[in-house]
Structure formats: structure tokens, C-alpha cells
Amino acid sequence: MGVFAVTTARGPAWDPARDIREQDGWDEHAAFADSLVDRRITVFGGPIGVGDTVGNAEDVALVVMELPDTDAVHETFAVDPWIVSGVLRLRSVRPWTLWLDGRDD
């Protein structure tokens, strides 16, 4: 399994007048994200910023995932309701070599 650092960015359907949890389709996106944790695909993830706000005008979240390859990362996000609806887009998918890992697993 590989480890990937994934960043998401605002898509064309992102409403800048709303905080992250107020975007259209939040509940569906949150359920999708929770399922990735339940399936042990997402190791860490969350918004880049403070609280429900988003750091800069483009970045939305950083997600650390364990999957076989970058194609699997793209396939996984292809069914995210926010990617499908255009609220989010993938900004980067980068392989990450972990030299330090404090997780117990």
C-alpha cells in the first residue's frame, strides 16, 4: 500500500458566501468521507484553515490516504458527491514516503 498526500480545492460549484459545512451536499460528502475512514483508506483528513472556514481562496482540505497507487486515489474521489457536483476538485495527489510514523498500527 502506498501513502498519498491529497489536497482538494474549491470547484466551480463552491459558494464563497458559505462556510464549508454549509455547502450544498455537505451531508452526502461527510458520509462519503466517513466511509473512507471506516474502510481505513483515509488516515487523516480535514480542512486547511480554522474551524469551518477555509485557509486561502483555493485550498480546502488535506487528506492522507493509504491506497495502492495514484489511479486508486483518483477512482476513490471520482464518486465523492462534492467532486461529482463540482463543489470540490482534486488539486494534487502526491506519493508520500513516511520516514516517521507515530501511529500505533
Side-chain angles (χ1 to χ4, degrees):
M1 259 327 159
V3 177
F4 298 87
V6 180
T7 56
T8 60
R10 295 175 182 192
W14 181 274
D15 182 349
R18 297 179 175 177
D19 285 333
I20 192 168
R21 292 175 191 243
E22 296 172 343
Q23 297 295 318
D24 287 343
W26 163 258
D27 292 337
E28 295 82 1
H29 168 72
F32 168 79
D34 288 343
S35 77
L36 297 181
V37 173
D38 293 344
R39 293 166 39 209
R40 304 183 71 98
I41 292 171
T42 295
V43 179
F44 305 107
I48 300 171
V50 179
D52 284 346
T53 61
V54 177
N56 71 33
E58 184 160 329
D59 290 337
V60 174
L62 172 64
V63 182
V64 177
M65 307 180 86
E66 287 185 313
L67 285 164
D69 52 37
T70 58
D71 288 341
V73 174
H74 287 278
E75 290 168 9
T76 298
F77 274 99
V79 296
D80 179 341
W82 270 7
I83 297 290
V84 172
S85 69
V87 172
L88 284 184
R89 62 183 173 81
L90 286 182
R91 183 167 188 213
S92 68
V93 176
R94 297 184 297 182
W96 189 1
T97 301
L98 293 180
W99 288 0
L100 304 171
D101 187 346
R103 292 175 292 161
D104 291 333
D105 295 325

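The model shown is predicted, which means the values in this text are computed figures rather than measured ones.
Looking at every heavy atom in both residues, V84 comes nearest to A78 through CG2-O, 3.3 Å. Nearest heavy atoms, R40 versus E66: O-OE1, 4.3 Å. Looking at every heavy atom in both residues, R10 comes nearest to R89 through O-NE, 3.3 Å.
Using a 4.5 Å heavy-atom cutoff, the side chains of R18 and W26 are not in contact. Residues L88 and F77 fail the side-chain proximity criterion, which asks for heavy atoms closer than 4.5 Å. No side-chain heavy atom of T8 sits less than 4.5 Å from a side-chain heavy atom of R91. Counting heavy atoms from C-beta on, the side chains of T76 and L67 come closer than 4.5 Å. Under the 4.5 Å side-chain criterion, counting only non-hydrogen atoms from C-beta, V64 is not in contact with T42.
Interatomic distance, OG of S85 versus CH2 of W14, reported as 11.0 Å (0.5 Å rounding). Rounding to the nearest 0.5 Å gives a distance of 4.5 Å between CD1 of I83 and CG of L90. Separating the CE atom in M65 from the CZ atom in F44 is a distance of 13.5 Å, to the nearest 0.5 Å.
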### Message
Before you tell me yes or no, could you show the steps for V60 and I20 under side chain to side chain contact (heavy atoms under 4.5 Å, CB included), namely the whole-Å CA-CA distance, both residues' side-chain angles and the distance that decides it to 0.1 Å?
### Response
CA-CA 8 Å; V60 174; I20 192 168; 3.8 Å; yes
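Placement of V37 and V79 in two distinct hydrophobic clusters is found when ILVMFWY residues are connected by side-chain heavy-atom separations under 4.5 Å, directly or transitively. The hydrophobic clustering, which links ILVMFWY residues whose side-chain heavy atoms are closer than 4.5 Å, places W96 and V43 together. Residues V63 and L98 are members of separate hydrophobic clusters, defined by side-chain heavy-atom contacts under 4.5 angstrom among Ile, Leu, Val, Met, Phe, Trp and Tyr. The hydrophobic clustering, which links ILVMFWY residues whose side-chain heavy atoms are closer than 4.5 Å, places L36 and V6 together.
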Please table the atom pairs, donor to acceptor, closer than 3.5 Å between any side-chain atom in residues 27-34 and protein atoms at least two apart or in another chain.
from: H29; atom 1: ND1; to: D80; atom 2: OD1; distance (Å): 2.9
from: H29; atom 1: ND1; to: D80; atom 2: OD2; distance (Å): 3.2

